[in-house]
Amino acid sequence: MALTLVACAGRKNTAQTPALGADGCAVGTDLAEGLAALEMAGVTRHFIVRLPDGYSKARRWPLVLALHPNGNSGLRYWDAVDGERPLRPLLRDKAVLVLPEARPKDKGWDWRGDLPADLAYFEALIARVKSGLCIDTARIFSMGFSGGGSFSSVLGCHRRDIRAIAIGGAVAYFKPEDCVGHPPAWITIGQGELVPARESLRDFWRDREGCSATTSPVAPPPCVAYACPSQTPVHYCLHPAGHKWPDFGVQAAWAFFSRF
């Protein structure tokens, strides 16, 4: 699929962009902080890059992909510096944060409806980030809520380079028989949204990672850990709310990622 790098406010001139597939730890140019875009098959797909304080190419940094829900929240959802989802300040000195944008639909954005196009977008996006920044390619994580959680599951299913996923209020957007990845999974569901489709996705990751239904408490409450092989843990948090990302979710998801 044809790929064009598009200049956006806050980004360096794309003429200086390293070739896709290059190692961003070795090349001399950067992917700048702020808004950027990829144009694929005539559709412009945006994403935001947030670099950690003290970023340099002297070390390889973990990469966290944070996917917004379907609807009208878009890139704003995970980009706050305060509030109930303080992901950006939490990762300020810990990881590169990239906020991808779904395909436009009606007056918002949606992760459903064109799986091949979205997988191609993430193939290009991850390649672009790895070529422009110094990324620890063994520590690429994906997290999201609602539609963004569902597509983080898609990435964990369809890609082998996603080290772990953290998902909330999600359902399956993929066919189980298509999966090649085995990411450890942190899963949260609200008591008010506990429906079979969400339970089924939880149970899919539990079973795929070789876990039993036996659980034991794990931080933070009310989370539990399934009895799993040590290399593929699965945690489940049934939080006392409806369809929302829980207050403890950002810290708990990063604590889970930090194990790997």
Side-chain angles (χ1 to χ4, degrees), residues 5-14 16-18 20 23-25 27 29-38 44-69 73-102 109 111 121-149 151-152 155 161-168 186 245 247 249-258 260:
L5 299 173
V6 181
C8 294
R11 293 195 61 227
K12 291 184 178 179
N13 190 307
T14 53
Q16 300 175 351
T17 300
L20 296 182
D23 182 355
C25 301
V27 296
T29 57
D30 292 323
L31 180 60
E33 169 92 11
L35 184 66
L38 299 171
T44 299
R45 302 285 295 266
H46 294 94
F47 61 98
I48 292 176
V49 177
R50 298 300 181 198
L51 299 177
D53 292 345
Y55 170 80
S56 77
K57 296 189 177 186
R59 58 166 285 194
R60 291 185 178 270
W61 297 83
L63 169 62
V64 176
L65 304 169
L67 280 58
H68 63 78
S73 57
L75 292 171
R76 301 184 303 273
Y77 189 81
W78 294 109
D79 200 37
V81 295
D82 53 17
E84 62 183 8
R85 294 182 298 275
L87 180 63
R88 184 176 166 190
L90 177 65
L91 299 185
R92 182 171 289 133
D93 60 352
K94 298 177 176 65
V96 172
L97 175 62
V98 170
L99 311 175
E101 186 177 66
W109 298 268
W111 295 108
Y121 166 59
F122 276 96
E123 181 69 21
L125 173 62
I126 292 172
R128 178 68 188 96
V129 173
K130 290 194 298 185
S131 70
L133 298 173
C134 192
I135 298 299
D136 183 347
T137 57
R139 301 188 71 204
I140 299 176
F141 306 104
S142 187
M143 62 182 290
F145 174 64
S146 192
F151 208 86
S152 286
L155 295 177
D161 58 353
I162 301 299
R163 185 65 183 89
I165 60 174
I167 60 175
W186 184 92
W245 182 260
D247 294 341
V250 164
Q251 291 82 3
W254 175 247
F256 186 78
F257 289 165
S258 296
F260 308 108

Any donor and acceptor pair, going by atom type alone, linking the side chain of [X] with main-chain N or O of [Y] inside 3.5 Å?
{"X": "Tyr55", "Y": "Cys134", "value": "yes"}
{"X": "Trp61", "Y": "Ser56", "value": "yes"}
{"X": "His68", "Y": "Leu99", "value": "no"}
{"X": "Lys57", "Y": "Gly24", "value": "yes"}
{"X": "Arg139", "Y": "Arg163", "value": "no"}
{"X": "Arg45", "Y": "Glu101", "value": "yes"}

What are the two closest heavy atoms between [X] and [Y], and how far apart are they?
{"X": "Leu67", "Y": "Ser142", "result": "CD1-OG, 3.8 Å"}
{"X": "Ser152", "Y": "Ile167", "result": "CB-CG2, 3.9 Å"}
{"X": "Ala80", "Y": "Pro89", "result": "O-CD, 3.6 Å"}
{"X": "Ala102", "Y": "Trp109", "result": "O-CD1, 3.2 Å"}
{"X": "Leu87", "Y": "Ala66", "result": "CD2-CB, 3.6 Å"}

ask   = Got a sec, which residues hit side-chain contact (heavy atoms from CB on, under 4.5 Å) with Arg88, two or more places apart in sequence or on another chain?
value =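 So Arg88 forms a side-chain contact (heavy atoms from CB on, under 4.5 Å) with Glu33, Arg50, Asp79, Val81, Leu97.
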Quick one: [atom1] on [X] to [atom2] on [Y], what's the gap to the nearest 0.5 Å?
{"X": "Leu91", "Y": "Leu63", "atom1": "CG", "atom2": "CG", "result": "10.5 Å"}
{"X": "Leu155", "Y": "Met143", "atom1": "CG", "atom2": "CE", "result": "13.5 Å"}
{"X": "Tyr121", "Y": "Leu38", "atom1": "OH", "atom2": "CG", "result": "6.5 Å"}
{"X": "Ile165", "Y": "Phe256", "atom1": "CD1", "atom2": "CZ", "result": "8.5 Å"}
{"X": "Leu51", "Y": "Leu133", "atom1": "CG", "atom2": "CG", "result": "5.5 Å"}
{"X": "Leu35", "Y": "His46", "atom1": "CG", "atom2": "NE2", "result": "5.5 Å"}

What orientation do [X] and [Y] show, parallel under 30°, tilted 30 to 60°, or perpendicular over 60°?
{"X": "Phe257", "Y": "Phe141", "value": "parallel"}
{"X": "Phe145", "Y": "Tyr77", "value": "parallel"}
{"X": "Trp78", "Y": "Trp245", "value": "perpendicular"}

Check whether any side-chain heavy atom of [X] lies under 4.5 Å from a side-chain heavy atom of [Y], and answer yes or no.
{"X": "Arg128", "Y": "Val49", "answer": "no"}
{"X": "Ile135", "Y": "Ile126", "answer": "no"}
{"X": "Pro62", "Y": "Val96", "answer": "no"}
{"X": "Thr137", "Y": "Asp161", "answer": "no"}

ask   = Are Trp111 and Phe122 close enough that their ring centers fall under 6.0 Å?
value =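 Ring centroids of Trp111 and Phe122 are less than 6.0 Å from each other.
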